[in-house]
Number of protein chains: 2
Amino acid sequence: MNVDFSALTTTLSQHGYKLTRQRRAVVEVVAHGQTRLSAADVYAQAQRACPDLGLTTVYRTLEILAELGAIRRVHLDDGCEGFAPASAEHGHHLICSNCKMTIEFEDCDMRKLLDRVAARTGFKIEQHWLELVGRCPKCLQKAAARK
Amino acid sequence: MNVDFSALTTTLSQHGYKLTRQRRAVVEVVAHGQTRLSAADVYAQAQRACPDLGLTTVYRTLEILAELGAIRRVHLDDGCEGFAPASAEHGHHLICSNCKMTIEFEDCDMRKLLDRVAARTGFKIEQHWLELVGRCPKCLQKAAARK
DNA sequence: TTCCTAATTGAAAATCATTTTCAATTAGGC
DNA sequence: GCCTAATTGAAAATGATTTTCAATTAGGAA
Ligand SMILES: [Mn+2]
Ligand SMILES: [Mn+2]
Ligand SMILES: [Zn+2]
Ligand SMILES: [Zn+2]
(Lines give C-alpha, C1' and ligand atoms only; values in the text may rest on other atoms or scores of the structure.)
(Ligands and ions follow the chains in the order given, each with its own letter.)
Protein backbone atom coordinates (compact mmCIF):
# COMPACT_ATOMS: atom_id res chain seq x y z
CA MET A 1 0.00 0.00 0.00
CA ASN A 2 2.76 2.36 0.95
CA VAL A 3 5.69 3.54 -1.00
CA ASP A 4 8.72 1.36 -0.45
CA PHE A 5 11.73 3.09 1.02
CA SER A 6 14.47 1.18 -0.75
CA ALA A 7 12.60 1.15 -4.05
CA LEU A 8 12.45 4.89 -3.83
CA THR A 9 16.08 5.43 -3.00
CA THR A 10 16.94 3.16 -5.91
CA THR A 11 14.74 5.19 -8.20
CA LEU A 12 16.43 8.34 -7.00
CA SER A 13 19.90 7.14 -7.87
CA GLN A 14 18.71 5.65 -11.14
CA HIS A 15 17.62 9.11 -12.07
CA GLY A 16 21.04 10.48 -11.26
CA TYR A 17 20.28 11.89 -7.86
CA LYS A 18 22.87 11.36 -5.17
CA LEU A 19 21.76 9.49 -2.08
CA THR A 20 22.56 11.96 0.62
CA ARG A 21 21.81 11.52 4.28
CA GLN A 22 19.28 14.33 3.99
CA ARG A 23 17.42 12.78 1.12
CA ARG A 24 17.28 9.43 2.86
CA ALA A 25 15.75 11.07 5.90
CA VAL A 26 13.11 12.82 3.84
CA VAL A 27 12.29 9.69 1.85
CA GLU A 28 12.07 7.72 5.07
CA VAL A 29 9.41 10.06 6.42
CA VAL A 30 7.48 10.26 3.19
CA ALA A 31 7.54 6.52 2.59
CA HIS A 32 6.04 5.76 5.96
CA GLY A 33 3.69 8.72 6.07
CA GLN A 34 0.14 7.85 6.97
CA THR A 35 -1.23 11.32 6.41
CA ARG A 36 -0.71 14.15 4.04
CA LEU A 37 2.46 15.96 4.97
CA SER A 38 3.44 19.57 4.56
CA ALA A 39 7.05 20.54 4.00
CA ALA A 40 7.18 21.67 7.60
CA ASP A 41 5.78 18.32 8.78
CA VAL A 42 8.41 16.44 6.86
CA TYR A 43 11.08 18.77 8.16
CA ALA A 44 10.07 18.22 11.76
CA GLN A 45 10.00 14.46 11.45
CA ALA A 46 13.05 14.02 9.29
CA GLN A 47 15.18 16.15 11.55
CA ARG A 48 15.10 13.42 14.17
CA ALA A 49 17.04 11.14 11.86
CA CYS A 50 19.11 13.93 10.42
CA PRO A 51 19.49 16.87 12.82
CA ASP A 52 21.42 19.05 10.43
CA LEU A 53 18.73 18.88 7.78
CA GLY A 54 17.63 22.19 6.32
CA LEU A 55 14.10 23.12 5.38
CA THR A 56 15.37 24.20 1.98
CA THR A 57 16.46 20.67 1.28
CA VAL A 58 13.08 19.34 2.27
CA TYR A 59 11.44 21.55 -0.32
CA ARG A 60 13.94 20.51 -2.93
CA THR A 61 13.55 16.82 -2.18
CA LEU A 62 9.77 16.95 -2.17
CA GLU A 63 9.88 18.56 -5.57
CA ILE A 64 12.03 15.74 -6.89
CA LEU A 65 9.77 13.12 -5.38
CA ALA A 66 6.74 14.74 -6.94
CA GLU A 67 8.48 14.75 -10.30
CA LEU A 68 9.21 11.05 -9.92
CA GLY A 69 5.56 10.45 -9.07
CA ALA A 70 6.34 9.18 -5.59
CA ILE A 71 4.18 11.77 -3.92
CA ARG A 72 1.25 13.81 -5.03
CA ARG A 73 -0.19 17.10 -3.91
CA VAL A 74 -3.38 16.94 -1.91
CA HIS A 75 -5.84 19.79 -1.74
CA LEU A 76 -8.75 20.57 0.46
CA ASP A 77 -11.37 23.27 0.11
CA ASP A 78 -9.17 25.88 1.60
CA GLY A 79 -6.00 25.25 -0.28
CA CYS A 80 -3.07 22.98 -0.80
CA GLU A 81 -2.74 20.68 2.13
CA GLY A 82 0.63 19.14 1.34
CA PHE A 83 1.79 15.90 -0.15
CA ALA A 84 0.77 12.28 0.18
CA PRO A 85 2.66 9.14 -0.82
CA ALA A 86 1.64 7.96 -4.27
CA SER A 87 2.36 4.37 -5.13
CA ALA A 88 0.02 4.04 -8.08
CA GLU A 89 0.77 5.71 -11.35
CA HIS A 90 -2.76 6.97 -11.50
CA GLY A 91 -4.15 7.16 -8.02
CA HIS A 92 -6.38 9.39 -5.97
CA HIS A 93 -6.50 10.12 -2.29
CA LEU A 94 -9.04 9.62 0.42
CA ILE A 95 -8.48 11.76 3.48
CA CYS A 96 -9.94 11.48 6.93
CA SER A 97 -11.50 14.82 7.81
CA ASN A 98 -10.73 14.20 11.44
CA CYS A 99 -7.26 12.71 11.78
CA LYS A 100 -6.05 13.41 8.22
CA MET A 101 -5.12 9.80 7.66
CA THR A 102 -4.70 9.42 3.94
CA ILE A 103 -5.24 6.41 1.73
CA GLU A 104 -4.60 6.05 -1.94
CA PHE A 105 -7.07 4.29 -4.17
CA GLU A 106 -6.76 3.39 -7.78
CA ASP A 107 -9.99 2.36 -9.30
CA CYS A 108 -11.79 5.37 -10.59
CA ASP A 109 -14.04 4.30 -13.36
CA MET A 110 -15.40 7.56 -14.50
CA ARG A 111 -15.54 6.96 -18.20
CA LYS A 112 -19.29 7.48 -18.38
CA LEU A 113 -19.16 10.65 -16.39
CA LEU A 114 -16.28 11.98 -18.44
CA ASP A 115 -17.97 11.07 -21.72
CA ARG A 116 -21.12 12.80 -20.68
CA VAL A 117 -19.38 15.99 -19.64
CA ALA A 118 -17.26 15.95 -22.80
CA ALA A 119 -20.33 15.52 -25.00
CA ARG A 120 -22.19 18.28 -23.27
CA THR A 121 -19.41 20.86 -23.16
CA GLY A 122 -17.39 20.08 -26.25
CA PHE A 123 -14.24 19.83 -24.16
CA LYS A 124 -11.70 17.15 -24.81
CA ILE A 125 -10.96 15.97 -21.32
CA GLU A 126 -7.32 15.30 -20.61
CA GLN A 127 -7.16 14.59 -16.93
CA HIS A 128 -9.30 14.30 -13.91
CA TRP A 129 -8.56 15.15 -10.41
CA LEU A 130 -10.53 13.45 -7.69
CA GLU A 131 -10.26 13.54 -3.95
CA LEU A 132 -12.51 12.07 -1.33
CA VAL A 133 -12.95 13.27 2.21
CA GLY A 134 -14.53 11.27 4.96
CA ARG A 135 -14.09 9.52 8.28
CA CYS A 136 -11.60 6.74 8.61
CA PRO A 137 -12.55 3.49 10.39
CA LYS A 138 -10.63 4.39 13.53
CA CYS A 139 -12.27 7.78 13.86
CA LEU A 140 -15.70 6.26 13.20
CA GLN A 141 -15.08 3.74 15.92
CA LYS A 142 -13.96 6.34 18.41
CA ALA A 143 -17.00 8.46 17.64
CA ALA A 144 -19.30 5.47 18.13
CA ALA A 145 -17.64 4.50 21.42
CA ARG A 146 -18.01 7.99 22.83
CA LYS A 147 -21.80 7.80 22.86
CA MET B 1 -24.96 29.22 -16.37
CA ASN B 2 -23.24 32.14 -14.72
CA VAL B 3 -23.82 33.66 -11.36
CA ASP B 4 -26.31 36.48 -11.49
CA PHE B 5 -25.01 39.85 -10.41
CA SER B 6 -28.14 41.22 -8.79
CA ALA B 7 -29.01 37.92 -7.17
CA LEU B 8 -25.62 37.97 -5.56
CA THR B 9 -25.80 41.52 -4.30
CA THR B 10 -29.20 40.71 -2.85
CA THR B 11 -27.75 37.68 -1.11
CA LEU B 12 -24.98 39.82 0.28
CA SER B 13 -27.32 42.30 1.89
CA GLN B 14 -29.64 39.56 3.08
CA HIS B 15 -26.68 38.22 5.00
CA GLY B 16 -26.09 41.59 6.57
CA TYR B 17 -23.26 42.74 4.36
CA LYS B 18 -23.32 46.33 3.22
CA LEU B 19 -23.40 46.94 -0.49
CA THR B 20 -20.34 49.06 -0.98
CA ARG B 21 -19.03 50.32 -4.27
CA GLN B 22 -16.02 48.06 -3.80
CA ARG B 23 -18.04 44.95 -3.23
CA ARG B 24 -20.22 45.66 -6.22
CA ALA B 25 -17.14 45.95 -8.38
CA VAL B 26 -15.73 42.66 -7.15
CA VAL B 27 -19.05 40.87 -7.55
CA GLU B 28 -19.40 42.30 -11.03
CA VAL B 29 -16.09 40.79 -12.07
CA VAL B 30 -16.71 37.47 -10.40
CA ALA B 31 -20.22 37.11 -11.77
CA HIS B 32 -19.08 37.55 -15.34
CA GLY B 33 -15.84 35.67 -15.00
CA GLN B 34 -15.23 33.08 -17.69
CA THR B 35 -12.06 31.70 -16.15
CA ARG B 36 -10.75 30.97 -12.75
CA LEU B 37 -9.64 34.21 -11.15
CA SER B 38 -6.94 34.91 -8.64
CA ALA B 39 -7.30 37.74 -6.16
CA ALA B 40 -4.87 39.73 -8.26
CA ASP B 41 -6.92 39.08 -11.40
CA VAL B 42 -10.06 40.29 -9.72
CA TYR B 43 -8.23 43.30 -8.38
CA ALA B 44 -6.96 44.30 -11.80
CA GLN B 45 -10.35 43.98 -13.45
CA ALA B 46 -12.44 45.45 -10.69
CA GLN B 47 -10.24 48.49 -10.41
CA ARG B 48 -11.54 49.73 -13.74
CA ALA B 49 -14.99 50.14 -12.25
CA CYS B 50 -13.69 51.25 -8.91
CA PRO B 51 -10.27 52.87 -9.11
CA ASP B 52 -9.85 53.34 -5.38
CA LEU B 53 -10.35 49.66 -4.66
CA GLY B 54 -7.77 48.01 -2.44
CA LEU B 55 -6.38 44.53 -2.82
CA THR B 56 -7.17 43.90 0.82
CA THR B 57 -10.84 44.40 0.11
CA VAL B 58 -10.68 41.99 -2.80
CA TYR B 59 -9.38 39.28 -0.49
CA ARG B 60 -12.02 40.05 2.07
CA THR B 61 -14.82 40.02 -0.46
CA LEU B 62 -13.69 36.79 -2.08
CA GLU B 63 -13.72 35.18 1.31
CA ILE B 64 -17.29 36.26 1.88
CA LEU B 65 -18.36 35.06 -1.55
CA ALA B 66 -16.76 31.69 -0.93
CA GLU B 67 -18.62 31.46 2.37
CA LEU B 68 -21.86 32.19 0.60
CA GLY B 69 -21.07 29.51 -1.97
CA ALA B 70 -20.96 31.95 -4.86
CA ILE B 71 -17.44 31.03 -5.80
CA ARG B 72 -15.34 27.97 -5.27
CA ARG B 73 -11.63 27.38 -5.12
CA VAL B 74 -10.06 25.69 -8.09
CA HIS B 75 -6.86 23.69 -7.86
CA LEU B 76 -4.48 22.32 -10.38
CA ASP B 77 -1.61 19.93 -9.87
CA ASP B 78 0.70 22.62 -8.70
CA GLY B 79 -1.52 24.40 -6.26
CA CYS B 80 -4.47 26.64 -5.77
CA GLU B 81 -5.32 28.39 -8.96
CA GLY B 82 -7.88 30.85 -7.70
CA PHE B 83 -11.63 31.01 -7.64
CA ALA B 84 -14.38 30.23 -10.14
CA PRO B 85 -18.02 31.27 -10.09
CA ALA B 86 -20.21 28.58 -8.57
CA SER B 87 -23.86 28.74 -9.43
CA ALA B 88 -24.77 25.21 -8.45
CA GLU B 89 -24.90 24.22 -4.83
CA HIS B 90 -22.93 21.14 -5.65
CA GLY B 91 -20.88 21.73 -8.75
CA HIS B 92 -17.51 20.90 -10.14
CA HIS B 93 -15.27 22.68 -12.57
CA LEU B 94 -13.87 21.87 -15.94
CA ILE B 95 -10.88 23.97 -16.89
CA CYS B 96 -9.24 24.47 -20.25
CA SER B 97 -5.57 23.65 -19.89
CA ASN B 98 -4.77 26.16 -22.58
CA CYS B 99 -6.89 29.29 -22.09
CA LYS B 100 -8.10 28.51 -18.56
CA MET B 101 -11.71 28.95 -19.55
CA THR B 102 -13.74 27.41 -16.79
CA ILE B 103 -17.12 25.76 -16.89
CA GLU B 104 -19.17 24.43 -14.05
CA PHE B 105 -20.97 21.12 -14.34
CA GLU B 106 -23.38 19.54 -11.97
CA ASP B 107 -24.01 15.97 -12.77
CA CYS B 108 -21.51 13.82 -11.07
CA ASP B 109 -23.01 10.46 -10.51
CA MET B 110 -20.30 8.75 -8.60
CA ARG B 111 -22.38 6.76 -6.22
CA LYS B 112 -20.97 3.46 -7.41
CA LEU B 113 -17.42 4.62 -7.24
CA LEU B 114 -17.96 6.07 -3.79
CA ASP B 115 -19.70 2.95 -2.53
CA ARG B 116 -16.90 0.79 -3.78
CA VAL B 117 -14.19 2.87 -2.17
CA ALA B 118 -16.16 3.11 1.05
CA ALA B 119 -16.65 -0.66 1.18
CA ARG B 120 -13.02 -1.34 0.51
CA THR B 121 -11.52 1.17 2.92
CA GLY B 122 -14.07 1.32 5.70
CA PHE B 123 -14.25 5.09 5.36
CA LYS B 124 -17.54 6.90 5.56
CA ILE B 125 -17.24 9.27 2.66
CA GLU B 126 -18.49 12.76 3.34
CA GLN B 127 -17.54 14.76 0.30
CA HIS B 128 -15.89 14.47 -3.00
CA TRP B 129 -13.86 16.94 -4.84
CA LEU B 130 -13.63 16.54 -8.59
CA GLU B 131 -12.02 18.67 -11.22
CA LEU B 132 -11.56 18.06 -14.89
CA VAL B 133 -8.89 19.52 -17.11
CA GLY B 134 -9.01 19.50 -20.88
CA ARG B 135 -9.21 21.54 -24.04
CA CYS B 136 -12.16 23.81 -24.63
CA PRO B 137 -13.93 23.82 -28.00
CA LYS B 138 -12.34 27.09 -29.06
CA CYS B 139 -8.84 25.93 -28.31
CA LEU B 140 -9.48 22.61 -30.05
CA GLN B 141 -10.68 24.48 -33.11
CA LYS B 142 -7.68 26.77 -33.18
CA ALA B 143 -5.35 23.81 -32.84
CA ALA B 144 -7.07 22.01 -35.71
CA ALA B 145 -6.97 25.08 -37.93
CA ARG B 146 -3.28 25.56 -37.36
CA LYS B 147 -2.41 22.33 -39.11
C1' DT C 1 -33.75 64.20 5.12
C1' DT C 2 -30.27 64.20 8.56
C1' DC C 3 -27.82 61.75 12.17
C1' DC C 4 -25.41 58.12 14.15
C1' DT C 5 -22.84 54.11 14.56
C1' DA C 6 -21.11 49.83 13.48
C1' DA C 7 -19.31 48.02 9.37
C1' DT C 8 -16.08 48.77 5.92
C1' DT C 9 -12.20 50.58 3.80
C1' DG C 10 -7.04 51.21 2.08
C1' DA C 11 -2.22 51.88 3.23
C1' DA C 12 1.28 50.14 5.58
C1' DA C 13 3.25 46.75 8.41
C1' DA C 14 3.40 42.04 9.73
C1' DT C 15 3.34 37.31 8.71
C1' DC C 16 4.06 33.11 6.42
C1' DA C 17 5.44 29.85 3.05
C1' DT C 18 8.46 29.22 -0.54
C1' DT C 19 12.50 30.31 -3.55
C1' DT C 20 16.97 32.11 -4.56
C1' DT C 21 21.75 32.93 -3.70
C1' DC C 22 26.19 31.51 -2.62
C1' DA C 23 30.10 29.70 -0.31
C1' DA C 24 31.15 25.34 1.95
C1' DT C 25 30.54 20.34 1.89
C1' DT C 26 30.09 15.74 -0.02
C1' DA C 27 28.60 11.45 -2.90
C1' DG C 28 30.17 8.58 -5.96
C1' DG C 29 32.64 7.71 -10.54
C1' DC C 30 37.50 7.25 -11.62
C1' DG D 1 42.12 8.26 -2.06
C1' DC D 2 40.93 12.20 -5.66
C1' DC D 3 38.29 15.12 -8.09
C1' DT D 4 34.37 17.49 -9.45
C1' DA D 5 29.77 18.34 -10.21
C1' DA D 6 25.93 17.87 -7.31
C1' DT D 7 24.19 19.02 -2.99
C1' DT D 8 23.77 21.43 1.12
C1' DG D 9 22.16 25.08 4.86
C1' DA D 10 22.02 29.86 6.31
C1' DA D 11 20.56 34.01 5.12
C1' DA D 12 18.34 37.05 2.10
C1' DA D 13 14.78 37.74 -1.24
C1' DT D 14 10.31 37.09 -2.83
C1' DG D 15 5.38 36.95 -3.12
C1' DA D 16 1.03 36.07 -1.51
C1' DT D 17 -2.00 36.77 2.18
C1' DT D 18 -3.38 38.72 6.75
C1' DT D 19 -3.43 42.07 10.37
C1' DT D 20 -3.61 46.66 12.19
C1' DC D 21 -5.61 50.98 12.63
C1' DA D 22 -7.30 55.47 11.71
C1' DA D 23 -10.46 57.44 8.33
C1' DT D 24 -14.66 56.77 5.67
C1' DT D 25 -19.31 55.28 4.67
C1' DA D 26 -23.84 52.45 4.14
C1' DG D 27 -27.97 52.22 5.73
C1' DG D 28 -31.20 51.95 9.85
C1' DA D 29 -33.27 55.25 13.20
C1' DA D 30 -35.15 59.63 14.17
MN1 LIG E 1 -8.78 8.62 -11.66
MN1 LIG F 1 -20.01 15.89 -7.34
ZN1 LIG G 1 -9.37 9.47 11.03
ZN1 LIG H 1 -9.39 26.98 -24.09
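Order of the sequence lines fixes the chain letters, A, B, ..., with proteins taken first and strands second; residue numbering starts at 1 for each chain.
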Undergrad: Heavy atoms only: give me the nearest B/A118-B/I125 pair and the separation to one decimal.
TA: N-CD1, 4.0 Å
Undergrad: Report the distance from atom CD1 of B/I64 to atom P of C/dT8, rounded to the nearest whole Å.
TA: 7 Å
Undergrad: Would you mind reporting whether B/Q34 and B/I103 have side-chain heavy atoms less than 4.5 Å apart?
TA: no
Undergrad: Without decimals, in angstroms, what is the distance between B/Q14 CD and D/dA26 P?
TA: 20 Å
Undergrad: Any side-chain N or O of B/R23 less than 4.0 Å from the OP1 or OP2 oxygen of D/dA26?
TA: no
Undergrad: Centroid separation under 6.0 Å, is that true for the rings of A/H90 and A/H128?
TA: yes
Undergrad: Using heavy atoms to find the nearest nucleotide of DNA chain C for B/G16 and A/R24 separately, return the residue whose nucleotide is more 5′.
TA: B/G16
Undergrad: Please name the nucleotide paired to D/dT19 by Watson-Crick or G-U wobble geometry with both distances under 3.5 Å, or report none.
TA: C/dA12
Undergrad: First locate atom CG of A/L113, then atom NE2 of B/H92, and finally report the distance between them rounded to the nearest 0.5 Å.
TA: 8.0 Å
Undergrad: Shorter than 3.5 Å, N or O on both sides, protein versus nucleotides 17-20 of chain C: list them out with atom names.
TA:
from   : atom 1 : to    : atom 2 : distance (Å)
C/dT18 : OP2    : A/Y59 : OH     : 2.1
C/dT18 : O5'    : A/Y59 : OH     : 3.1

Undergrad: To the nearest Å, give me how far apart NZ (A/K18) and P (C/dA27) are.
TA: 8 Å
Undergrad: Give a yes or no on whether B/E126 atom CD has more than 12 heavy-atom contacts from other residues, nucleotides or ligands under 6.0 Å away.
TA: yes
Undergrad: Starting at atom CG of A/D52, determine the distance to atom P of C/dT25, rounded to an integer number of angstrom.
TA: 12 Å
Undergrad: Parallel, tilted or perpendicular: which one describes the rings of A/W129 and B/H75, with boundaries at 30° and 60°?
TA: parallel
Undergrad: From C-beta outward on B/L19, which listed nucleotide comes closest to its side chain: C/dA27, D/dG27, C/dT9?
TA: D/dG27
Undergrad: Does the structure show a Watson-Crick or G-U wobble partner for D/dA29, both distances under 3.5 Å? Name it, or say none.
TA: C/dT2
Undergrad: Could you state the CG-P distance from A/L53 to C/dT25, rounded to the nearest angstrom?
TA: 18 Å
Undergrad: Rounding to an integer number of Å, can you tell me how far A/Q22 CD sits from D/dT7 C1'?
TA: 8 Å
Undergrad: Would you kindly say whether A/Q22 and A/T61 are connected by a side-chain donor-acceptor distance under 3.5 Å?
TA: no
Undergrad: Side-chain N or O of A/S13 less than 4.0 angstrom from OP1 or OP2 on C/dG28?
TA: no
Undergrad: Rounding to an integer number of Å, can you tell me how far B/Y17 OH sits from C/dT9 P?
TA: 11 Å
Undergrad: How many whole angstroms separate atom NE2 of A/H15 from atom P of D/dA6?
TA: 17 Å
